[in-house]
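Worth saying up front: this structure is predicted, and the values here are computed from it rather than measured. Computed over heavy atoms, backbone and side chain alike; hydrogens, waters and symmetry mates excluded. Below, chains carry the letters A, B, ... as their sequence lines are ordered, and counting in each starts from 1.
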Protein chains: 2
Amino acid sequence: MGYTLEDIARMAGVSRSTVSRVLNNHPNVRPEVRERVWEVIRRVGYQPHAAARSLATRRSQVLGLVIPEAVSTLFTDPFFPELIRGMTDACYARGYLLTLALFQSPEQGRRLLHRLLSSHAVDGLIVASARLNDPLIPRLLEDGFPFVSIGRHPDPRVSFVDADNVAGARMAVEYLIRRGHTRIATITGPMDMAAAQDRLEGYRQALRARGLPLDRRYIVEGDFTQEGGRAAMQQLLGLQPRPTAVFAASDAMAMGALKAAREAGLRVPGEVTVVGFDDIPQAAYLEPPLTTVRQPIVRMGALAVQLLVEQVERGAQPQRVVLPVELVVRGT
Amino acid sequence: MGYTLEDIARMAGVSRSTVSRVLNNHPNVRPEVRERVWEVIRRVGYQPHAAARSLATRRSQVLGLVIPEAVSTLFTDPFFPELIRGMTDACYARGYLLTLALFQSPEQGRRLLHRLLSSHAVDGLIVASARLNDPLIPRLLEDGFPFVSIGRHPDPRVSFVDADNVAGARMAVEYLIRRGHTRIATITGPMDMAAAQDRLEGYRQALRARGLPLDRRYIVEGDFTQEGGRAAMQQLLGLQPRPTAVFAASDAMAMGALKAAREAGLRVPGEVTVVGFDDIPQAAYLEPPLTTVRQPIVRMGALAVQLLVEQVERGAQPQRVVLPVELVVRGT
DNA sequence: ACCTCGCTTGGGAGCGGTTTCAATTGGATG
DNA sequence: CATCCAATTGAAACCGCTCCCAAGCGAGGT
């Protein structure tokens, strides 16, 4: 606790500069000196002072995870913990730390963001699934600040990592079609989120590909929450003819839909079938177990960190990565 | 982007020192000068360079949230997001940032912790519900490093914030007793966690207080997960006489228990009643809605930050806070 | 034997703040 | 009007690291 470069240098009988070179793997150090210095470093468990190093390198070795207020209500989704797991591991492996920027209001968001950026507290940001019209992203672009978005963004300057939501939704709906359903409804997410748009697009593509009619009334907007799914399902159950299957754009909404169906006295499955999206842990435990679409969330987090670090350290160009998803067929 | 103290000083026609004094609210600055300096600071949106300040003050203004590997499997619980919400807000309000230390293995944990501590990257840590025998806490104590535990710890030198698990469990079991149950079983958490011990203790107290017998076979250890709850319930259902009610020490386990009961062909409620603990969002949506115990998680997070900051900034003595919980009676 | 050149090494100037200390100022006091 | 003291201000040292630059060194070439 409390050694400095100077101390290590003295103990190893060299200068501060040499110890610094050893620490940073500079080539021009005689091997035996290098070893002698490492010896001392290991022995006393020396770690360079983060702030001092940041000050000199103009790098904080910290990344930030931004969760805008618009999605912070979804924060209790298991999506975020998994994302964070993927991100922290990738960060630590590269010598970075991960800090949280959780906004509860636009005002708080603006203030915190300003502080974060202009105090040089973070080298780059990962923005978790903002709404498409969130002012956050234009602002970061304007500032030229390195960031990666989780979830696609139309602007070509934006790096992002996304799951193939279109394909996932298509697979889910095709599955329903193969099971013989023809009156298939969907409960979408908030339509200002890319994931919601893409899942709806996948639904449309699947119907079109099989030549099924597209009934506007069968498309109801939800908000990715259980309660929203329930409300949307109640609306669907009032239709004539009633849909026999529903593709919910999230498992939470699928659970709400199931509840609504049961409350209406319908047998599930039997009179109505529901599939979801996300593969949250509960999905397997529902009665009946939910067929759903699994995204590689941990990988997405890790990849986002990788892209961001490349951007920060080597000024890499914007990259757009879409990862494949997987249909998980269960009881329904 | 990129003003320094020097720049501000020049623009305001004063010296670096004076600007520093203004920023840090030192008393001895003439009011008109102070105002003139603030003027400039606001106009250009100046923020001091975090690393430079840290280097000089020997404070990073960053707190860390440690999630030991033992509980990182529970990370998908809604418990953590809520805790984090409470913590981030409290941090921002005090000018701190929150960084994550998520361990996936003891080895990774040790390394990261060493790096965190000796690089002065964080001023203090909040340790999320470690197991009682986790070597983490003795180590922090030995280093004299400021930290607060979420969940009680026997060592008197440890500051902690905890929910009143004993009372919560007692309330849940008393509720079952009032409903006329006499054969009440419990599914506990891992017994090396304080919360699990305390909830079991509450169960015991309730039975004892009402003069009900304590049947060892009615106490089965789970692991706080849904699957663990299911397995434990299967064991309970094999007993003669079968318990008519079960207190599960977590909602996740309660859900697993419900599933096991249904798989065994039992009516719920009716042939068996289940209550839980935690009040996770799904609890209200179960069929039937789950009676459970709610902890003030957000407040716990905020309070932990407050205690930690007092410890860091004013060297406050260890404090132990236990917050009241609330029984949420639902359908069961 | 002398010179060049490349590899090692150490010295020192920052990086952008805080804080000590001494100098200056202005008002109160005798 | 001279003296003293507190309030205000600026200069400079320092926090611990990186990196530029110049000096020292030995090897290879002539």
Side-chain angles (χ1 to χ4, degrees), chain A residues 1-38 40-41 44-62 95 115-123 313, chain B residues 1-38 40-41 44-62 95 97 115 117-123 313:
Chain A
M1 204 84 176
Y3 288 101
T4 91
L5 254 201
E6 197 71 54
D7 299 330
I8 305 299
R10 197 169 341 100
M11 295 165 84
V14 296
S15 76
R16 215 166 63 241
S17 316
T18 299
V19 180
S20 175
R21 286 189 194 97
V22 170
L23 276 174
N24 296 289
N25 285 317
H26 280 270
N28 294 342
V29 178
R30 209 150 29 102
E32 68 237 50
V33 174
R34 183 185 299 276
E35 188 43 44
R36 180 150 42 96
V37 172
W38 270 123
V40 178
I41 291 178
V44 306
Y46 169 76
Q47 275 288 120
H49 192 295
R53 176 175 270 194
S54 296
L55 186 56
T57 58
R58 332 189 101 264
R59 286 270 169 75
S60 65
Q61 299 291 102
V62 175
R115 194 180 138 212
L116 232 39
L117 297 203
S118 41
S119 75
H120 301 261
V122 295
D123 293 336
E313 295 183 349
Chain B
M1 204 83 179
Y3 287 101
T4 95
L5 254 202
E6 195 73 52
D7 298 331
I8 305 299
R10 197 169 339 101
M11 296 165 84
V14 296
S15 77
R16 218 162 68 238
S17 319
T18 298
V19 181
S20 175
R21 286 191 192 96
V22 170
L23 276 173
N24 296 288
N25 285 316
H26 279 271
N28 294 342
V29 178
R30 210 149 30 102
E32 67 235 52
V33 172
R34 182 187 299 277
E35 187 44 43
R36 181 150 42 95
V37 171
W38 270 123
V40 177
I41 292 179
V44 306
Y46 169 76
Q47 276 288 121
H49 192 296
R53 176 175 270 194
S54 296
L55 184 56
T57 58
R58 333 191 97 258
R59 285 271 169 75
S60 65
Q61 299 290 104
V62 175
L97 255 30
R115 193 178 140 212
L117 297 203
S118 41
S119 75
H120 300 261
V122 295
D123 293 336
E313 295 183 350

Starting from the 5' end of DNA chain D, give me the residue, Gly13(B) or Leu55(B), whose nearest nucleotide shows up first.
Gly13(B)
On DNA chain D, more 5' by nearest nucleotide between Val33(B) and Thr57(B) is Val33(B)
Whole-Å distance between [N] [atom2] and [X] [atom1]?
X: Arg10(B); N: dG16(C); atom1: CZ; atom2: C1'; answer: 13 Å
X: Asn24(B); N: dG17(C); atom1: CG; atom2: C1'; answer: 9 Å
X: Arg59(A); N: dG16(C); atom1: CZ; atom2: P; answer: 15 Å
X: Asn28(A); N: dC21(D); atom1: CG; atom2: C1'; answer: 14 Å
X: Glu32(B); N: dG26(C); atom1: CD; atom2: P; answer: 12 Å
X: His120(B); N: dC15(D); atom1: NE2; atom2: P; answer: 13 Å
X: Arg30(A); N: dA27(D); atom1: CZ; atom2: P; answer: 12 Å
X: His49(A); N: dC14(D); atom1: NE2; atom2: P; answer: 17 Å

Check whether any side-chain nitrogen or oxygen of [X] sits under 4.0 Å from OP1 or OP2 of [N], and answer yes or no.
X: Tyr3(B); N: dG17(C); value: no
X: Tyr46(A); N: dG16(D); value: no
X: Thr18(B); N: dT9(D); value: no

Pick the closest DNA chain C nucleotide for Ala51(B) and for Arg21(B) by heavy atoms, then say which residue is nearer the 5' end.
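Its nearest nucleotide lies further toward 5', so the answer is Ala51(B).
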Base, sugar-phosphate or nothing for Ser20(B)? Non-hydrogen atoms, less than 4.0 Å.
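Answer is base: heavy atoms of Ser20(B) come under 4.0 Å of a base.
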Indicate, with a heavy-atom threshold strictly under 4.0 Å, whether Thr4(A) touches base, sugar-phosphate, or nothing.
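Sugar-phosphate contact only.
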Using a 3.5 Å distance criterion without hydrogens, assess whether the side chain of [X] forms a donor-acceptor pair with backbone atoms of [Y].
X: Thr18(A); Y: Val14(A); answer: no
X: Arg34(B); Y: Pro27(B); answer: yes
X: Ser54(B); Y: Arg59(B); answer: yes
X: Arg16(A); Y: Asp7(A); answer: no
X: Asp123(A); Y: Ser60(A); answer: yes

In Å, rounded to the nearest 0.5 Å, how long is the span from OG of Ser15(B) to CD of Glu6(B)?
9.0 Å
Does [X] get its side chain close enough to the base of [N], under 3.5 Å, for a donor-acceptor pair?
X: Arg58(B); N: dG16(D); value: no
X: Arg16(B); N: dG16(C); value: no
X: Ser15(B); N: dA11(D); value: no

Listed nucleotide nearest any side-chain atom of Ala52(B), set dG16(C), dG10(C), dA11(D)
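Closest of the options to the side chain of Ala52(B): dG16(C).
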Please determine, for the side chain of His26(A), which listed nucleotide (dC19(D), dT9(C), dG16(C)) has the closest atom?
dC19(D)
